[in-house]
Each structure stands twice: as C-alpha cells, then as structure tokens.
There are 4 protein chains.
Amino acid sequence: MRPAPERRRELLEVAAEVFAAQGYDATTVRRIADAAGLLAGSLYYHFDSKESMLDEILSGFLDDLWTRYDAVLATGLGPRETLEALVTASFREIDRHRAAVAIYQKESGQLRDQPRFGYLAEAQRRLERAWLRTLESGAASGDFRTDLDVRLTYRFVRDTVWVAASWYRPGGRHSPEETARQYLSMVLDGVALRDRHRRTNKE
Amino acid sequence: MRPAPERRRELLEVAAEVFAAQGYDATTVRRIADAAGLLAGSLYYHFDSKESMLDEILSGFLDDLWTRYDAVLATGLGPRETLEALVTASFREIDRHRAAVAIYQKESGQLRDQPRFGYLAEAQRRLERAWLRTLESGAASGDFRTDLDVRLTYRFVRDTVWVAASWYRPGGRHSPEETARQYLSMVLDGVALRDRHRRTNKE
Amino acid sequence: MRPAPERRRELLEVAAEVFAAQGYDATTVRRIADAAGLLAGSLYYHFDSKESMLDEILSGFLDDLWTRYDAVLATGLGPRETLEALVTASFREIDRHRAAVAIYQKESGQLRDQPRFGYLAEAQRRLERAWLRTLESGAASGDFRTDLDVRLTYRFVRDTVWVAASWYRPGGRHSPEETARQYLSMVLDGVALRDRHRRTNKE
Amino acid sequence: MRPAPERRRELLEVAAEVFAAQGYDATTVRRIADAAGLLAGSLYYHFDSKESMLDEILSGFLDDLWTRYDAVLATGLGPRETLEALVTASFREIDRHRAAVAIYQKESGQLRDQPRFGYLAEAQRRLERAWLRTLESGAASGDFRTDLDVRLTYRFVRDTVWVAASWYRPGGRHSPEETARQYLSMVLDGVALRDRHRRTNKE
DNA sequence: GATGAATGAGGATTCATTCAT
DNA sequence: TATGAATGAATCCTCATTCAT
C-alpha cells in the first residue's frame, strides 16, 4: 500500500517547505495539506503521521549528506583540501535540500532525545569526528593554525556553513560553489587585510 | 504589581530557560509552571499570556543589547576596533542572556511577521545597518579585505557570533571575553596557517 | 463579622449596576471590584460569593416590591384602581431598583431552577395569582373586557411594565408616575383612536 | 463544506435552543455538543467558534425578519394596517425562530457593542425608524391617538411583541395569527371595557 | 486516492475563591 | 479591611488522527 513514490516525494517537498518556514511544532497537518492541495486526512493515505514525514525528510537529507561526505573522505585528500571539499559539498547539499537543512538546524536539538530520532545524535557524533580528525591532522600538517581550540574551530566552521541554510536561496545571485568559495576564503584567511605582501599577491 | 518585579524576573528566567530548551511552540505553560513551582493558571496572575512572556524576554534582551551596542558605536573607534568591541559585547550578552539569545535565534524568523513582534524585524534592520557600515568603512580604510561580498561577510560574522548561544555554557571553560578573543582571531585572520609554503601551493 | 452594612450596600449597588449592564454570567468578580475600587479578593470579606451578592440584590428588590404590592392589595380598591396602583407601584420600583429589576428580568428564568433561588419561582407564582385575581374580578365587574384570554392579558400587562426597566433611566424626562400614567393609558384604552365620541370626551 | 448545509442547520437549531434556555454565556460548548450528540471539539469542524454560531443564529433570524418586514412596508398599506401586518409578521417570526428571538431579546444589549455584532445596533435603528414612521403617520392620519409620546408607544409595542418569545410555545394553544390578533386587540383598543358607566366614573 | 465527519487528548486561558500578611 | 499571590476547576479551542464512503 505504498504506491506512487513520486506523489510521496512531492508531498514531502511541500511538507519540508512548510516545516522550514513555520517550524515543525507550529506547522499543522492541515497547512501542509492546504499547500499540497488536498485535505488533511488524505495525507494519512501516504504517511503514517506528521512525525514520519519529518523523519523521512531528515533521514533523506542525512543519507544524501553522508553519501557526499563519505565520497570526500574516501578520496584521501590533504586536510585543507578535505576541508574545502566538505564545505563545498555542504553548500551543494544546502542548494539541494535547503528546507531539510533548515529544519535540521532548527529542530534537531529537541529531536535528538527522542528514540525515533536517535540517528540525529549519531549523525552529529560522526560529523564531529570527521571534522575534528580533519582539523587535527591539518594542525599537525601545518595547514591550520595550532593556537586555536580545535573544538571551537570545529563549531566555528560547522555553524558558519549550516546557518547559511536560513538565508540561502537556491537560484540566487551566487551558485553553491561560488558561495562555498567565498565562505572558505573567509574561514581560511579571515576578513582582515593583513599586510602589504598579501595585498600584492592578490593583485 | 508594583512591589514584586523580582517575582516576574524569576519567572521569566525560568520561562526563558524552558523556551530555549524545548522551543517556544513545544513548550506548554504547564511545563513552565512546573519548573517554577506553581500551577499553570497562576502564571496568569503575573503575565497576560505565554506570548507576552516571550515578548518580555525578547524585548528585554534586545534593550540590553542595544544599550551595549550603542555605547560601542558612540565611542568612535576605528572599524577593526569597532568590530572587536561589538563581538565582545555580543559574547557578554550571550553570557548574560544565553536563553534569550537562543530563543531569538530559533524563533525570530517566524515571529518577525506578527505585528506584536515587529520590533524584531526592526532590530534586525538596525543591526544590519550598524554592521554593514562598520564593515564598509573597514574595507575603505584598509582594515578589511575588499574582495568579499560585504553582505556575505556580515552574515558570516553575525551567524558565527549568535549561533554560539546554542552551545555556550555560562561559567564554562572560557569566559565570554576569552571566547570572543578566539572567535575574533578566527574571523579576522582565518584558521589557515600562512606560510610561504602554502602560499606557493596556491599560486 | 458583618460590620459596616453601609459598605455592603455600596458594594451591592455597584455589583447590581455591573450585573445589569453585562449580565450575571458575563460579569467577573474582578470587574465589580474594579468598579468599587478594591481588589477582587477583598470582596470576599464582605460577601460569601458572587452568587450571594446576586441573591441579596434580587431578594432585596423582591422584598421591597412585595411591601408595596401588599400595601396596594390590602387597601381593597376596585379592580381598575388596583391595576393602576400596581402599575404605578411597579414603575416606582423600577425607579428605585432599576438595576435589580433589569437583572431580575434577564436572569430569573435560568435562576428559578436552582434551589437557592427558588423564591423567584415562588414570587412569580404569587405575582401571577395577584394579577390574575385582579384581572378576573375586573372582567366580572365590567371594568375590563371579557373577550380576551386572561392569561394573555396578564402577560401583556406584566411584560409591558417590567421590560421598561431595560430602557428606563431614573432622573430622565418622565417621572415614574408620569411614565406609569402613559403606560396605563395605553394598556387600558389602546393606542388606536376610536370614534368621534371618544375624541370629544377627551377634549 | 458545500454538500452539507443541513448539518450546520441542525446544529445551529440545537445551539439556539440551548442558548435560549441557558443564556449564551452560561452555555458551554460541551452542552451544545451533548445535545447534538457529538463531542465538543467536533463542533469546530462546522463552526469557527461558539461566537460564530451565535452570530449565524442572530443574523439568520434578522435576515428573515427583514424579508418579511420589507415585504409589508413595500405594500403601501395605511398606518393601522401596516401596524397589524408588522405585528402579525413578528408573531410568525417568533413562531419560526422562537429560540433566536429569545436570544436576541436577552443578549443583544450586551452584544451590540462588539464590532462583530454591530449589525444588531444597525437593525435596531432600522426597526425603530420603520415603526416610528408608521406610528407618526398613523397619528397624522387619525388612526392613532395623538396624546401619547410616540417613542413610548414604539417601545410599548416593540417590547410587547418580542417579549412574547420568552413564553410563546410553537404548536401551543394559539396559532401565531391568533396570538397576533389578540395582542393587536389589546394594543389598539386597550383592556378596559368602554361603557358609559366607567366613563362617567372617570369624569 | 481522496473526502467529510468525527474523535479525544491536550493546551492556553479565565475566574471564583482562599489565605497569609 | 484590604492586598498579593496562589489554587484548581472549568472553558474554549486546536489538532493529529481515524474511518466509512
């Protein structure tokens, strides 16, 4: 009794958009149904519950994300290149799954504790491990500064990237790659102009 | 209601903590009351509504924030020093009003549109103006890089700072000033180590 | 513990006014307290409950009314004079207890069934008996028409009088006696102009 | 909500009955639901709120009333015939909408001031205008007495008619037309018997 | 696949009332 | 006498969910 997976995908897209805009709790099933052009009760032909829609949206996003991240991490790039590749992958993900990312950002804190969403905590731990490893090996290799608290740096990079989902608009002025490039430039080199030397190089 | 604004403050602090932890919508009035040690109905002796508690929490935080920001902006510091002072002020604010800041971050997007919370949109505009001016004059003065989209830089700095409220713990390892210092170091100089070697690779 | 009966009377007057204006159910104890210039809880020093205020207002009015009615009925007037005297007494009562009368009109229907307000049903029965007796003996004596359903006539006269409480303003253009005179004139002689003969008599 | 306005009508009828019996404020939504045989929450599938049920009941009644009144007023009858027709129409309306009329009588005073029920005040003004015009032209034409305050007469007739809703029982001893006839007889000619004897006494 | 109608478990809010001070 | 703070029951309303058609 799960035919027409395209319909499900359509509906999930609508739901994700509404969840992202209004917040999960503040979103009523009826609003989703309105936006999708059917009645609230009819959604239950496609989904078990409001929660299962959320579940599907979030796990779909995380599956995609891990596919990309794992690909990057499997390549065996150096720390700096890894960081650049991960950030770029993240912005591509934001471009594809903007709504899901926004939901993840806003809700995962409260969701994490529910058994059903335990995979969110799990994902967070894996993400942290991957990033920390990258940053630490970068510090060891001389790619990254060593005078910074690695955990703080991790949070800095992480937040910097994901918060973008709250304002990024797919199809806007900058492509995900271009946005990634600018972000990386800030994260890696800072916003301050350092010295004549650097200026000269740039020009 | 003259002689006991302390009670209100106590209750608001409890409410802010719960709102921050569970999200405004997911928080029931009963949970706040439980946490404060009275019955749900009794809260209405002190406050008009759940919404008015939220209102008071947010506007109290913003008032405080503007007091600090205005003090900084009135000093007439140079762009870089202004940026440093604003960031430090922000972390101090996070230290004092952690819960309020977390709520602001999570909810202001949806709240902005309600007439009652119009001041949130207003505050955001004022903040953006203040930051943009600082960044632009820093670019003109040679303090900051000129090859970055100022708007992007603004968001980068803004998000970077405020998101900290979601993990910052007052009384933790780092004081707000110390946290600010590290953050500024990252924002201004980047996380990459600058040596001849890396530069060469880039070119 | 029932000192200062003047204070009670003051408060009851305020309460009656508010009950009459807003309806008993829609009136909150707090509104009465506001109007009287004290706090809601303080009313409970003077009265047992909101209901007991209502009780006191209504029974006070009915006691007064019966005093007047009994005086009229004891005089042994003829039916027409009795009717005139009762109507006049009623308008005097409206003049004195406007609020109480309005409350009585609006609420007694629902109150009647509660044991505490059983005296309202009782009073209604006594009133009906007194009026019916008067109307019937008037019909027998040739004072009143005999082609009308007495019960209908009773309701007609009764409603005609008491409904006035909803718009009558003490101290207005007409004195209670003047108002009574006009009402009586309508009730007894009708609003239609009958014939030349009558016209002549009047002039 | 297209295919089942009958359900709405059923429910409104039940609600009107309960409102009339208990008073609007004293009526709980649960009581209406009980009387209608469903759960309280289910009423909200059909109506926005308790208030909107009241609204629909009252405006439905007034629409009907104006249809009848306008038909009468458009006919161009003489003042006395107009008055008779209006009164008869009113009793027919009471027969059809007894509950609504009772509610209107009891609650419109407090409702009038709320913006949502502004049409009640409006209706009252229109009613007053229609009646006053009729009474005045009747006084001018010699149909009605000229020694009475027209406003008082208006109130007399109005109250006399509408208060009947509080005791009238559809399907009772008298048809609406019969009740109207008797009422008109009293209003127009009075309850006193006019003979030489009484007249002499008076003079 | 979808509708229309209902369920039932809350949730915010109101309010009469109490009571220590 | 009055206040300030609280209680607790009741009320209106919302909303995810169900199910016969």
Side-chain angles (χ1 to χ4, degrees), chain A residues 1-4 7-8 11 24-33 36-54, chain B residues 1-4 7-8 11 25-33 36-53, chain C residues 1-4 7-8 11 24-33 36-54, chain D residues 1-4 7-8 11 25-33 36-53:
Chain A
M1 195 192 272
R2 280 287 124 79
R7 188 73 176 116
R8 284 172 70 77
L11 294 172
Y24 174 71
D25 285 295
T27 297
T28 70
V29 165
R30 212 186 141 235
R31 249 193 92 63
I32 300 173
L38 39 64
L39 289 183
S42 308
L43 282 173
Y44 287 80
Y45 177 80
H46 301 279
F47 304 99
D48 284 346
S49 65
K50 181 184 168 189
E51 202 182 63
S52 80
M53 291 187 232
L54 177 63
Chain B
M1 296 209 186
R2 204 58 12 80
R7 188 72 175 118
R8 285 173 74 80
L11 294 172
D25 286 295
T27 297
T28 69
V29 165
R30 213 189 135 233
R31 257 195 84 71
I32 300 174
L38 40 63
L39 290 179
S42 307
L43 283 173
Y44 289 80
Y45 178 76
H46 301 279
F47 304 99
D48 284 347
S49 64
K50 181 183 164 189
E51 199 183 67
S52 82
M53 292 187 231
Chain C
M1 196 194 276
R2 279 288 124 79
R7 186 75 174 116
R8 284 173 69 77
L11 294 172
Y24 173 71
D25 284 295
T27 297
T28 70
V29 167
R30 211 185 144 235
R31 247 192 94 62
I32 300 173
L38 39 64
L39 289 183
S42 308
L43 282 173
Y44 288 80
Y45 178 80
H46 301 279
F47 304 98
D48 286 345
S49 65
K50 180 184 168 188
E51 201 183 64
S52 81
M53 291 187 233
L54 177 63
Chain D
M1 294 207 186
R2 202 62 9 83
R7 188 70 174 120
R8 285 173 74 80
L11 295 172
D25 286 295
T27 297
T28 69
V29 165
R30 213 189 136 231
R31 257 194 84 70
I32 300 173
L38 40 62
L39 290 180
S42 307
L43 284 172
Y44 290 81
Y45 179 76
H46 301 278
F47 305 99
D48 283 346
S49 64
K50 182 183 164 188
E51 200 182 67
S52 81
M53 291 187 231

Exercise. Select from D25(C) and R30(B) the residue whose nearest nucleotide in DNA chain E is closer to the 5' end of that strand.
Key: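 The 5'-side residue here is R30(B).
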Practice problem: Starting from the 5' end of DNA chain E, give me the residue, L39(D) or S49(C), whose nearest nucleotide shows up first. | Solution: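 Looking at DNA chain E, the more 5' nearest nucleotide goes with L39(D).
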What integer distance in Å separates [X]:[atom1] from [N]:[atom2]?
X: R31(C); N: dA16(E); atom1: CZ; atom2: P; result: 12 Å
X: E51(A); N: dC15(F); atom1: CD; atom2: C1'; result: 15 Å
X: K50(D); N: dT13(E); atom1: NZ; atom2: C1'; result: 14 Å
X: L43(A); N: dC15(F); atom1: CG; atom2: P; result: 15 Å
X: F47(D); N: dC12(F); atom1: CZ; atom2: P; result: 15 Å

Does a side-chain N or O of [X] approach OP1 or OP2 of [N] to a distance below 4.0 Å, or not?
X: H46(B); N: dG4(F); result: no
X: Y45(A); N: dG1(E); result: no
X: S42(D); N: dT7(E); result: yes
X: Y44(D); N: dT14(F); result: no

For [X] and [Y], which heavy atoms make the closest approach, and how far apart are they?
X: D25(D); Y: A26(C); answer: OD2-CB, 3.4 Å
X: H46(A); Y: R8(A); answer: O-NH1, 2.6 Å
X: A36(B); Y: L11(B); answer: CB-CD2, 3.6 Å

Exercise. Please measure how far the C1' atom in dT21(F) lies from the corresponding atom in dG1(E), and state the result in whole Å.
Key: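 Taking atom C1' in both dT21(F) and dG1(E), they lie 13 Å apart.
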Self-check item: Heavy-atom check, side chain of K50(A) versus side chain of L54(A), under 4.5 Å
Solution: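 Heavy-atom side-chain distance check fails, nothing below 4.5 Å.
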Self-check item: Pairing partner (Watson-Crick or G-U wobble, both distances under 3.5 angstrom) of dC19(F)
Solution: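 Pair assignment: dC19(F) / dG4(E).
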Quiz item: Across all strands, who's sitting opposite dG10(E) as a Watson-Crick or G-U wobble pair, both distances under 3.5 Å?
Solution: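 Its partner is dC13(F).
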Quiz item: Which nucleotide in the set dT13(E), dA2(F), dA6(E) lies at the smallest distance from any side-chain heavy atom of R7(D)?
Solution: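 The closest nucleotide is dA6(E).
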Quiz item: How far does CZ of F47(A) sit from CD1 of I32(A), to the nearest 0.5 angstrom?
Solution: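 Here the rounded value is 9.0 Å.
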Practice problem: Select base, sugar-phosphate, or nothing to describe what T27(B) touches, counting heavy atoms under 4.0 Å on all strands. | Solution: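 Sugar-phosphate: the residue T27(B), judged by heavy atoms under 4.0 Å, touches backbone atoms but no base.
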Quiz prompt | Upstream residue (5' side of DNA chain F) when G41(D) and A40(B) are each assigned their closest nucleotide | solution =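 Taking each residue's closest nucleotide, the earlier one in sequence belongs to A40(B).
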